[in-house]
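Data block below; observations after.
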Amino acid sequence: MRTPLLWVGIAALAVAGLTTLAAAKAADTAVFRATYGSHLKEGSDLARALPCLVCHDKMPATKTGLNPYGVDVGKAAAGKTLDAKVLAAVERLDSDKDGFSNIDEIRAGTHPGNPNSKPRK
Ligand SMILES: [Ca+2]
């Protein structure tokens, strides 16, 4: 009798967790688009990474599976809600260590969390 209830509880928690992650992702993507929308050139590495892979390392996205840019954004957010100030705080960093700052990559449409994606010199 207790076992089915336990599984129902576990399933409910799993659904709640996934829903929370999806909601956070959508909100974070909205902040990113609102902040950098003018730089999201169609077909660019950065535009193709949206919505999830700008910060996450693979799909399906998990809370801890972050690329170097996502790690830096997470540190800057420090557990608080992502906003334009958080994104601004990591603009001067070179999260993926490819020689270009995050903001230079975003302006060029390349991926600030992927060292294989960088602006042409
Ligand atoms: Ca890069």
Side-chain angles (χ1 to χ4, degrees):
M1 196 66 185
R2 282 187 180 171
T3 304
L5 274 178
L6 178 65
W7 285 111
V8 167
I10 290 171
L13 286 173
V15 168
L18 290 173
T19 304
T20 302
L21 180 61
K25 180 177 66 184
D28 293 351
T29 300
V31 170
F32 191 87
R33 283 186 190 278
T35 305
Y36 300 121
S38 62
H39 302 295
L40 296 174
K41 301 174 192 94
E42 194 173 330
S44 68
D45 288 352
L46 186 59
R48 282 188 277 124
L50 282 168
C52 305
L53 295 175
V54 170
C55 290
H56 294 271
D57 61 352
K58 61 181 180 285
M59 295 300 293
T62 63
K63 198 169 185 177
T64 55
L66 300 170
N67 64 45
Y69 179 70
V71 169
D72 284 342
V73 169
K75 284 180 193 167
K80 296 177 189 156
T81 304
L82 181 68
D83 59 20
K85 282 184 184 171
V86 171
L87 293 176
V90 300
E91 286 182 344
R92 294 286 154 216
L93 302 179
D94 175 10
S95 295
D96 60 10
K97 310 289 186 230
D98 63 4
F100 296 90
S101 69
N102 294 335
I103 190 62
D104 285 346
E105 293 224 45
I106 290 166
R107 287 177 178 151
T110 61
H111 197 304
N114 178 354
N116 295 317
S117 170
K118 55 188 172 187
R120 292 190 188 123
K121 287 188 178 178

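Both counts, for ligands and for their atoms, begin at 1 and track the order of listing.
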Query raised in the report: Do the side chain of Asp83 and the main chain of Val31 share a donor and acceptor less than 3.5 angstrom apart?
Result: no
Query raised in the report: Between Asn102 and Val90, is there a donor-acceptor pair closer than 3.5 Å when you use the side chain of the first and the backbone of the second?
Result: yes
Report task. Report, rounded to 10°, the angle at the Ca ion (ligand 1) between the two atoms O (His111) and OD2 (Asp98). Result -> 160°
Query raised in the report: Vertex the Ca ion (ligand 1): angle to OE2 of Glu105 and OD2 of Asp96, to 10°?
Result: 90°
Has [X] got an N, O or S atom lying less than 3.0 Å from the Ca ion (ligand 1)?
X: Asp45; result: no
X: Ser117; result: yes
X: Asn114; result: yes

**Report entry** Derivation of the side-chain contact (heavy atoms from CB on, under 4.5 Å) call for Leu50 and Thr29
**Finding:** CA-CA 8 Å; Leu50 282 168; Thr29 300; 4.1 Å; yes
Query raised in the report: Would Asp94 and Lys97 pass as an ion pair if we require N to O under 4.0 Å?
Result: no
Query raised in the report: Does atom NZ of Lys41 have more than 12 heavy-atom neighbours from other groups under 6.0 Å away?
Result: yes
